[in-house]
Amino acid sequence: MHSHDHGGSSAARADGGGSHRRRLAIACAITVGIVLAQATGAWLTGSLALLTDAVHSLTDSIGLVVALIAASLMFRAATAQRTWGFRRMEILAGLIQAALLLSIGIYAAVEGIARLSSPPTVMHQELLLFGAVGLLGNIVSLLVLSGGRSANLNMRAAFLEVAADALGSLGVMVAAVVIWTTGWQQADAVAALAIAALIVPRAALLLRESARVLLEFTPRGLDLEQVRAHMLAQDHVHEVHDLHASMVATGLPVISAHVVVDDECFKDGCAPETLSRLKSCVAEHFDLSVEHSTFQLETRGIAASETHTHA
């Protein structure tokens, strides 16, 4: 006997998806403009910090395009071939963005260290101007994305990318001011290293979170041993095995198990009541509510035959 409980309506998800797509499209257009401005500025000024920030912005724009595609696909209706639709696209998008960020972070670190010993002359006034243009564009993008940043991993990744890029633009401006006031050309390389230090840990964290979902680790906030103990405390339940929990996408945890109950449950009609209590158990008792549950109720004889088959 199985129980399936899907939370949230398709219409509501579609409305939210439309809002996310608009936010991402606006942010993407702004970021592409920033890339063009910063690339021009890096060519004119010879600044590594501005070049790093330009490539970071380019990475952001690619990531935002991926995020926009993901936001368009992840709310498509499920089919017989795609039973979850494209809900997991947001996880793949977050993984791609994290990989791109990690690559540019490593590049900035290597090139920045090389330039510390032999820094080129940087045009500080122009560098300050282009840094300000980038920061202004980033601030506008952040305002656009801020309303949806907690919706899912995809939107969170997009917001964090733009936030980090804003700090990168601020670093470029600080480097320009230092060079302008002190003549210390190494400030540009230091700013590039600071941007790299900002990018790498964030990218690693995003990679880890995406990998947890793709590898189907138990969702955070859910202790399966506690779940098993609470299920065993229900009337008529004797054993819980093949207990699995994972996260399909942000806000969509799932759980499944084989539950051995009294043989009489299939004769006196208490099986539906037992199943209902098990559903309520995982949906209401723990910090992470799991509303999509699949439980197979079975007799001791069936459980024994399964054990023999697996052995």
I need the minimum non-hydrogen distance between [X] and [Y], along with the two atoms involved.
| X | Y | answer |
| --- | --- | --- |
| Leu224 | Ala245 | CD2-CB, 3.8 Å |
| Val162 | Ser141 | CG1-CB, 3.6 Å |
| Leu297 | Val261 | CD2-CG1, 4.3 Å |
| Ala196 | Ala109 | CB-N, 3.7 Å |
| Val240 | Ala257 | CG1-CB, 4.1 Å |
| Ser289 | Pro253 | O-CG, 3.6 Å |

Heavy atoms, side chains only, cut-off 4.5 Å: are [X] and [Y] in contact?
| X | Y | result |
| --- | --- | --- |
| Arg220 | Glu209 | yes |
| Phe295 | Met231 | yes |
| Trp180 | Val122 | no |
| Val259 | Glu239 | no |
| Leu95 | Leu214 | yes |
| Thr294 | Ile255 | no |
| Ser246 | Thr218 | no |
| Thr299 | Val260 | no |

Backbone N or O of [Y] within a donor-acceptor pair of the [X] side chain at under 3.5 Å?
| X | Y | result |
| --- | --- | --- |
| Ser276 | Pro272 | no |
| Arg115 | Gln186 | no |
| Asp268 | Cys270 | yes |
| Ser47 | Ala42 | no |

Cut-off 3.5 Å, no hydrogens considered: what does the side-chain donor-acceptor table look like for residues 123-140, sequence neighbours left out?
unit_1 : atom_1 : unit_2 : atom_2 : d
Asn138 : OD1    : Ala166 : N      : 3.4
Asn138 : OD1    : Ser169 : OG     : 3.0
Asn138 : ND2    : Asp165 : OD2    : 3.4

Single-linkage hydrophobic cluster, 4.5 Å side-chain cutoff, [X] and [Y] together:
| X | Y | answer |
| --- | --- | --- |
| Phe266 | Val237 | yes |
| Val190 | Met173 | no |
| Val227 | Leu232 | yes |
| Val174 | Ile179 | no |
| Leu205 | Val213 | no |

query: Of all residues at least two apart in sequence or in a different chain, which pass the side-chain contact (heavy atoms from CB on, under 4.5 Å) check with Thr121?
result: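 If we apply the side-chain contact (heavy atoms from CB on, under 4.5 Å) test to Thr121, skipping adjacent residues, the hits are Gln185.
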message: Can you list everything that forms a side-chain contact (heavy atoms from CB on, under 4.5 Å) with Glu273? Sequence neighbours excluded, please.
response: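 With neighbours one apart ignored, the set is Arg277.
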Look up atom [atom1] in [X] and atom [atom2] in [Y], then write down how far apart they are to the nearest 0.5 Å.
| X | Y | atom1 | atom2 | value |
| --- | --- | --- | --- | --- |
| Arg228 | Leu243 | CZ | CG | 5.0 Å |
| His236 | Cys265 | NE2 | SG | 5.0 Å |
| Leu170 | Ile195 | CG | CD1 | 10.0 Å |
| Ile91 | Arg212 | CD1 | CZ | 12.0 Å |

- prompt: After noting the C-alpha distance and the side-chain angles of Tyr107 and Leu51, does the key distance pass the side chain to side chain contact (heavy atoms under 4.5 Å, CB included) rule?
  reply: CA-CA 11 Å; Tyr107 163 77; Leu51 176 62; 3.9 Å; yes
task: Report the C-alpha distance between Leu116 and Leu193 in whole Å, list the side-chain angles of each, state the deciding distance to 0.1 Å, and finish with yes or no for side chain to side chain contact (heavy atoms under 4.5 Å, CB included).
output: CA-CA 10 Å; Leu116 282 175; Leu193 289 171; 3.8 Å; yes
- prompt: Do other residues, nucleotides or ligands put more than 12 heavy atoms under 6.0 Å from the CH2 atom of Trp184?
  reply: yes
query: Can a donor-acceptor pair be found between the side chains of Glu298 and His241 at a distance below 3.5 Å?
result: yes
message: Please confirm whether the ring centroid of Phe286 lies under 6.0 Å from the ring centroid of His230.
response: yes
